[in-house]
Participant: 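The structure is given below, and queries will be raised subsequently.
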Amino acid sequence: MATISGHPTLLLNPIISTLEKCKTMHEMRQIHAHMIKTDLVNHTFTVSKLVTFCTLSRLPEGLDYALTVFRQIRNPNAFIFFTLINGFSGSWNPVESITLYAHMLSCLTDLNGIEFSLPSVLKACGRSRSLEEGRQVHGQILKSHFQFDPFVSNSLIRMYMELDEIELARMVFEKMLERDVISWNSMITGYLSAGEIELARVLFNEMPERDIVSCNAMIDGYGKFGKCELAEEVFRMMSDKDVVSWTSMISAYVLNHRPREALDLFREMLSVGVRADGPAIVSVLSAISDLGFVEEGKWLHTHISTNKIELSHGFIASSLIDMYAKCGHIENAYHVFRCVSHRRNIGDWNALISGLATHGLGQDALEVFLDMERMEIEPNEITFIGLLSACSHAGMVDEGQYYFKIMQEKYNIVPKIQHYGCMIDLYGRAGRFEDALGVIQNMPMEADVLAWKAILSASLKHGNAAIGENAALKAMDSAPEDSSSYVLLSNIYAKARRWDDVAKVRLLMKERGVKKIPGCSSILVNGKVHGFLARKEMDVEFSGEVLSKINEVVARLKLEGYEPDLTQVLLDIDEEGKRSLLCLHSEKMALAFGLINIRNGAPIHIVKNLRICCDCHSFIKLVSRVYSRRIVVRDQNRFHHFENGSCSCKEYW
DNA sequence: ATAGGGTTAG
């Protein structure tokens, strides 16, 4: 090609249009080579174009290649600097933006146009946690005539919020002459993510004009801090709602364990003609996971297919896998997992492994992990939480030890408290107290409630009152309001028939005002979820029927050797009272309701909020044999598949 | 060029 003279546009256009069609880094390099041969590399405009395309190409290494090309430019102008500063500000290497910005200030003689880089460099300071550099840029801004530019001020607010410097953000906000809606919204979202709900609320009420973003941010913030009613208030007063508004409200319900309302709202959204997108689907899927009944999930899966929503896009597949696993349909989870074999996220693997773990399918979880290794997929810390809990739920102590080791040595993952928690649980369930306590002693952080509760429930399982007492003290120390520590300790005493000590625990709870969380079990019958609360009937209309069914079943099981385990009742009452209270455990009521209303031979599926109690566990085992029923119970920790007198958990729960 | 929603987790 000839040198550039005459009609440059005629000569340049082909290069630029070739760049636009570029699909791989290899093609990008070829164009670059051609530019070197034809001396176009010395033509600032064309090279800028190359740098721009490399930066915006989203090709792997595109940014670094752009930087290499950029370094060969003799007189870079403010626009090329901006392209790179902006490109790096959102990358994994935001520090490069700051370096480039400093370089720009030192080498440009004409400072016209550098203001375009200010929002980007501020963003980079926020993302790279460079407070000192951010303050320096702020200082320069104060000396320039951009100090009252809303764009620049808004970026400063955003940066300070990201650096947890709320006061500084507020200061910038206060000094602004003209605040636009984005200034207000940036302050509000900053306050919300710092947990300053009240300050956010005040600004929200004060701001002259709220837009959809302000409202959506408030709904989301209220939801994340357990204030569903306030979220509803904002949601209901909005005249225009978009899919983000609906999703924010839906996930507020999900986070506050109100899955029914989340689902109803999702249906309402569709009925008013708002199309569900990825995030909306994902949040409603987690509502269904929480609920635990697959019917709604199947409907949603169909909705995804008929609306041609790509499974492998975003978190949809992971959420579907999780939903099927948490609804007890591990086969369907596998099916979705196989469907996305061409494009899998790490979340897809993790959801499957964790799902297998809760079903006690330790061996299968290990096999999935081996597949990951064969395919050279890099596991992350969540993968190992799933894998270790799979080992612990299946009693696979050696395997657990082995993977805890290679997690650190092969994958360079530093164990977090959750990983140590899995190990404590793993040893504890297996009755290896010395090893379990050794983990607590040697881990680099303080043991938390969950760590001590793992020891505590192991002590109950293996009848070790001394270790249990100590663990209970520690657990109550770090979370005095957590009723389950008291309940577990009391169970340990009851098992040892130390009734005086049971009474002491009960007294302690009373003194501290700790209330036992009532057990609640649900069951799906004829498309409707019925909930049963321990000692009380939620479904009043079926009350009498359910109680007489339980009595009938108890009588029948007694012929098979069932003896109610009265140690599971903590109240100080006579034996007869204990017997009748045991019958009012929520899972027994749900089961009785299922036996009445679900046709013979069909499996019964129950979801419980707490751990299943020992008496109910043996009770349901017997029912599965005597009544020839498959019974699936999901409790707080895991699934129990009861069949023909035994349970899939093999007592590892 | 600056503001809003989502998964897997002891």
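All chains are named by letter (A, B, ...) in the order of the sequence lines, taking the proteins before the strands, and each is independently numbered beginning at 1.
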Participant: Between A:Phe79 and A:Phe116, is the gap from one ring center to the other below 6.0 Å?
Facilitator: no
Participant: Under 4.0 Å: is that the gap between some side-chain N or O of A:Lys241 and OP1 or OP2 of B:dG5?
Facilitator: no
Participant: Among the candidates B:dT7, B:dG10, B:dT8, find the nucleotide nearest to the side-chain atoms of A:Ile385.
Facilitator: B:dG10
Participant: Look at A:Asp164 together with A:Arg129 and state whether they make a salt bridge at an N to O cut-off of under 4.0 Å.
Facilitator: yes
Participant: Given atom CG of A:Asp322 and atom C1' of B:dT8, what is their separation to the nearest angstrom?
Facilitator: 6 Å
Participant: Between A:Arg429 and A:His393, is there a donor-acceptor pair closer than 3.5 Å when you use the side chain of the first and the backbone of the second?
Facilitator: no
Participant: Can you tell which of B:dG10, B:dT2, B:dA3 lies closest to the side chain of A:Lys123?
Facilitator: B:dT2
Participant: What contact category does A:Asp448 fall into here, base, sugar-phosphate, or nothing, at under 4.0 angstrom with non-hydrogen atoms?
Facilitator: base
Participant: Mind checking A:Tyr420 for me? I need base, sugar-phosphate or nothing, with any heavy atom below 4.0 Å counting as a touch.
Facilitator: nothing
Participant: Are A:Phe151 and the base of B:dA1 stacked, counting only ring centres nearer than 5.5 Å and planes tilted under 30°?
Facilitator: yes
Participant: Which nucleotide wins on minimum distance to the side chain of A:Val181, given the candidates B:dA3, B:dA9, B:dA1?
Facilitator: B:dA3
Participant: Determine: side-chain N/O of A:Lys326 to OP1/OP2 of B:dT7, distance under 4.0 Å, yes or no.
Facilitator: no
Participant: Ring centres under 6.0 Å, that's the criterion: do A:Tyr420 and A:Phe404 meet it?
Facilitator: yes
Participant: OH of A:Tyr334 versus P of B:dT8: gap in Å, rounded?
Facilitator: 19 Å
Participant: At under 4.0 Å between heavy atoms, what does A:Asp242 touch on the DNA or RNA strands: base, sugar-phosphate, or nothing?
Facilitator: base
Participant: A:Phe82 has an atom CZ; how far is it from atom C1' of B:dA1, in whole Å?
Facilitator: 6 Å
Participant: Report yes or no: is there a donor-acceptor pair, N or O only, under 3.5 Å between the side chain of A:Thr247 and the base of B:dG5?
Facilitator: yes
Participant: Expressed in angstrom and rounded to an integer, what is the separation of A:Gln418 atom CD from B:dA9 atom P?
Facilitator: 11 Å
Participant: Taking only the side-chain heavy atoms of A:Lys224 (C-beta and beyond), determine which of B:dG6, B:dT2, B:dG10 contains the nearest atom.
Facilitator: B:dG6
Participant: Taking only the side-chain heavy atoms of A:Asn185 (C-beta and beyond), determine which of B:dG10, B:dT8, B:dA3 contains the nearest atom.
Facilitator: B:dA3
Participant: Nearest whole angstrom, please: distance from the C1' of B:dA3 to the CZ of A:Arg210.
Facilitator: 16 Å
Participant: Base, sugar-phosphate alone, or nothing: which one does A:Asp277 contact when heavy atoms must sit under 4.0 Å apart?
Facilitator: base
Participant: Taking only the side-chain heavy atoms of A:Phe116 (C-beta and beyond), determine which of B:dG10, B:dA1, B:dG5 contains the nearest atom.
Facilitator: B:dA1
Participant: Going by the ring-ring contact (aromatic ring centres under 6.0 Å, His included) test, which pairs reach into residues 326-347 of chain A, not counting sequence neighbours?
Facilitator: A:Phe337-A:Trp349
Participant: Decide yes or no, distance alone: a donor-acceptor N/O pair under 3.5 angstrom between the base of B:dT2 and the side-chain of A:Ser155.
Facilitator: no
Participant: Heavy atoms only, 4.0 Å cut-off, all strands: where does A:Ile157 land among base, sugar-phosphate and nothing?
Facilitator: nothing
Participant: Counting any heavy atom closer than 4.0 Å, what does A:Leu156 reach on the DNA or RNA strands: base, sugar-phosphate only, or nothing?
Facilitator: nothing
Participant: At 4.0 Å (heavy atoms only), tell me whether A:Val243 reaches a base, stays on the sugar-phosphate, or touches nothing.
Facilitator: base
Participant: Looking at every strand, decide which applies to A:Ala454 at a 4.0 Å heavy-atom threshold: base, sugar-phosphate, or nothing.
Facilitator: nothing
Participant: Report which part of the nucleic acid A:Ser120 touches: base, sugar-phosphate, or nothing (heavy-atom distance under 4.0 Å, all strands).
Facilitator: nothing
Participant: Starting at atom CZ of A:Phe384, determine the distance to atom C1' of B:dT8, rounded to an integer number of angstrom.
Facilitator: 15 Å
Participant: Whether the side chain of A:Arg210 engages the backbone of A:Phe204 through a donor-acceptor N/O pair (distance < 3.5 Å, no angle test) should be reported.
Facilitator: yes
Participant: Counting side-chain heavy atoms from CB outward, which of B:dT8, B:dT7, B:dT2 is closest to A:Ile182?
Facilitator: B:dT2
Participant: Tell me every residue that passes side chain to side chain donor-acceptor pair (under 3.5 Å) with A:Ser484, counting only those two or more places apart in sequence or in another chain.
Facilitator: A:Lys453, A:Asp482
Participant: What is the distance, to the nearest angstrom, from the CG atom on A:Asp211 to the P atom on B:dT2?
Facilitator: 16 Å
Participant: Would you kindly give the CH2-to-C1' distance between A:Trp653 and B:dG10, to the nearest whole Å?
Facilitator: 18 Å
Participant: Need one value for A:Asp348: base, sugar-phosphate or nothing, where a base atom within 4.0 Å counts as base even if backbone is also close, heavy atoms only.
Facilitator: nothing
Participant: Measure from the side-chain heavy atoms of A:Arg158 and tell me the nearest of B:dG10, B:dT2, B:dG6.
Facilitator: B:dT2
Participant: Which is true for A:Ala451 with a 4.0 Å heavy-atom rule: it touches a base, it touches only sugar-phosphate, or it touches nothing?
Facilitator: base
